[in-house]
Enquirer: 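Before I ask anything, here is the structure I am working with.
In what follows, chains are A, B, ... by sequence order, proteins preceding strands, each numbered from 1. The figures that follow rest on heavy atoms only: side chains count, while hydrogens, waters and symmetry mates do not. All figures in this text were calculated on a predicted structure; none of them were measured in a lab.
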There are 2 protein chains.
Amino acid sequence: MIRVFIVDDHPVVIEGIHSLLQNEKDIAWVGQAKNAQSCLGFFVNNTADVVLMDISMPGMDGVELCGIMKEKYPGIMILGLSTFNQGLYIKKIIENGASGYILKNSSKEELIKAIHEVHAGYIYFSGEAGMALQEYQKSLGRELPVLTAREKEVLALIAEGYTNPQIAEKIFLSPFTVDSHRKNLLAKLGVKNTASLIRLAVERKMI
Amino acid sequence: MIRVFIVDDHPVVIEGIHSLLQNEKDIAWVGQAKNAQSCLGFFVNNTADVVLMDISMPGMDGVELCGIMKEKYPGIMILGLSTFNQGLYIKKIIENGASGYILKNSSKEELIKAIHEVHAGYIYFSGEAGMALQEYQKSLGRELPVLTAREKEVLALIAEGYTNPQIAEKIFLSPFTVDSHRKNLLAKLGVKNTASLIRLAVERKMI
DNA sequence: TTACTAATCACCCGAAACAGTGATTCATTA
DNA sequence: TAATGAATCACTGTTTCGGGTGATTAGTAA
């Protein structure tokens, strides 16, 4: 019997998954919690084999809770649970010791398979999540195109929070030119807006 | 006599500073370079007491060159030189061993004072640059306001490169609501646009 | 009970960003 | 010499962002 515990701030999700699992012969439902504190409270006097954990919850989120749980109870396997899939979150929860990650709208079959795999000590990722992770890691691994001196200069100023006209004034260029450099930055680095650009630049220590 | 060397890709700047310094009795002009390679080449067979170094140059920039110079010749004092002033650059060049930082449009008096201070082993920052650095360090030191669960969620999705309408669709909210959260993020964190927001978030490891 | 905050939604408006296209100059390189 | 790429500037749209303002609901804390 695999003892399963769930922590999620949405009762609907808890109920939904509970009903999906209730007829499974080798799965035992040992309890549920609506937040991180209740979850930690439960494990003071109880245990489980697999914990399904929502990654985004009010207060302490699943990523943080995962780290604490794995530190206290390394034997308990944790399966991340989320409504949407983000390479970043996936990466973070793995770094915090989770054994897998599935979407809340997964099929019953996939959910059960994931629980079994994780319980057996394997890592399990639902198709979509696995792809998102691969994309993310690929993006981290690829080497970056060479930026010209001007592009680096403009990039730094964008990161400082200046707008195109402000940058133009600062380095004595036409706003059109600054805009050109900015577009070249987006194109060269393969990102689609300022947010992605700055995130990449900071993460890769380009600024 | 303080032996001064300058590296800057703009001949105009080299000439300008040269002429400002040529009548100073205790300052000797030992040479100049237009790029990092030439500078390193010069110091193979020569030396100087103070190097004025442009922080943004094509190819290897001043920040990097500064690190190499200080590693090879720790006794040579380096004074960063730039057309505009950025807390980030200032911080980086100090981390790489520079002893000071002034703007290219500084007065003759300030330039000479800076050279003397740096040569004597003191750190020197022109007024503007010093203030920019203080602002920067203050911004790093302050503790961050607490973000709500929704705000963190929206922040993460902005960092992934999604627009407000896309985020709204993804987490089942009105675009207006997402926009509200976004504005609250800017206000809470005291930044003025997405670029600053994402930079802060990544640097402070909020995502 | 009242006050506060989180979370939600709504609209207006101007500024900024982004997409697309195209052009010139200059220096380097094949 | 021809081609390439960096750097510059320009115009036209459309979309997104950001400032301001305000409102409702629900839950929590004083």
Enquirer: With a 3.5 Å cut-off and just heavy-atom distances, do the side chain of B/Lys192 and the base of D/dG18 make a donor-acceptor pair?
Expert: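 Answer no: no donor N or O sits under 3.5 Å from an acceptor.
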Enquirer: Which is true for B/Ser180 with a 4.0 Å heavy-atom rule: it touches a base, it touches only sugar-phosphate, or it touches nothing?
Expert: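 Counting heavy atoms under 4.0 Å across all strands, the contact made by B/Ser180 includes a base.
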Enquirer: Could you state the interatomic distance from NZ (B/Lys113) to CD (B/Glu109), rounded to the nearest 0.5 Å?
Expert: 11.0 Å
Enquirer: Rounded to the nearest angstrom, tell me the gap between atom CG in A/Asp179 and atom P in C/dG22.
Expert: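 Computing the A/Asp179:CG to C/dG22:P distance gives 17 Å.
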Enquirer: Tell me: CG of A/Asn164 to C1' of D/dC9, nearest whole Å?
Expert: 14 Å
Enquirer: Nearest nucleotide by nearest heavy atom, which residue falls closer to the 5' end of DNA chain C, A/Thr163 or A/Lys183?
Expert: A/Thr163
Enquirer: Dump the pairs, protein N or O against N or O of nucleotides 23-25 of chain C, anything under 3.5 Å, distances to one decimal.
Expert:
none

Enquirer: Any cation-pi pair here, A/Lys72 with A/Phe43, using under 6.0 Å and within 45°?
Expert: no
Enquirer: For C/dC18, does OP1 or OP2 lie under 4.0 Å from any side-chain N or O of A/Thr194?
Expert: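 Checking A/Thr194 against C/dC18: at least one side-chain N or O falls below 4.0 Å of OP1 or OP2.
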Enquirer: Write down the distance between CD1 (A/Ile167) and C1' (C/dA16), rounded to a whole number of angstrom.
Expert: 11 Å
Enquirer: Could you tell me which non-hydrogen atom of B/Gln32 sits nearest to which non-hydrogen atom of B/Phe5, and how far apart they are?
Expert: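 Looking at all heavy atoms of both residues, the shortest contact is N-CE1, 3.4 Å.
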Enquirer: Whether A/Thr177 contacts D/dC9 is assessed here as follows: a side-chain N or O lying under 4.0 Å from the phosphate OP1 or OP2. Is that the case?
Expert: yes
Enquirer: Between C1' on D/dT16 and CD on B/Gln166, what's the gap in Å once rounded to a whole number?
Expert: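 Computing the B/Gln166:CD to D/dT16:C1' distance gives 11 Å.
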Enquirer: Determine to 10° how strongly the helix from C/dT1-D/dA30 to C/dA30-D/dT1 is bent, judged from the axes of its five-pair ends.
Expert: 50°
Enquirer: Phosphate oxygens OP1/OP2 of C/dA16: is one of them under 4.0 Å from a side-chain N or O of B/Asn193?
Expert: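 Negative; the distance criterion is not met.
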Enquirer: Specify the separation, in whole Å, of atom CG of B/Asn184 and atom C1' of D/dG18.
Expert: 12 Å
Enquirer: Could you state the CD-P distance from A/Glu153 to D/dA7, rounded to the nearest angstrom?
Expert: 10 Å
Enquirer: It should be established whether B/His181 places a side-chain nitrogen or oxygen under 4.0 Å from OP1 or OP2 of nucleotide C/dT8.
Expert: yes
Enquirer: Can you check whether A/Ser174 has a side-chain N or O nearer than 4.0 Å to OP1 or OP2 of D/dA10?
Expert: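 Yes, A/Ser174 has a side-chain N/O under 4.0 Å of OP1/OP2 on D/dA10.
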Enquirer: What's the CZ-P distance between A/Phe172 and D/dT8, to the nearest Å?
Expert: 13 Å
Enquirer: Side chains of B/Arg182 and B/Thr194: is there a donor and an acceptor less than 3.5 Å apart?
Expert: yes
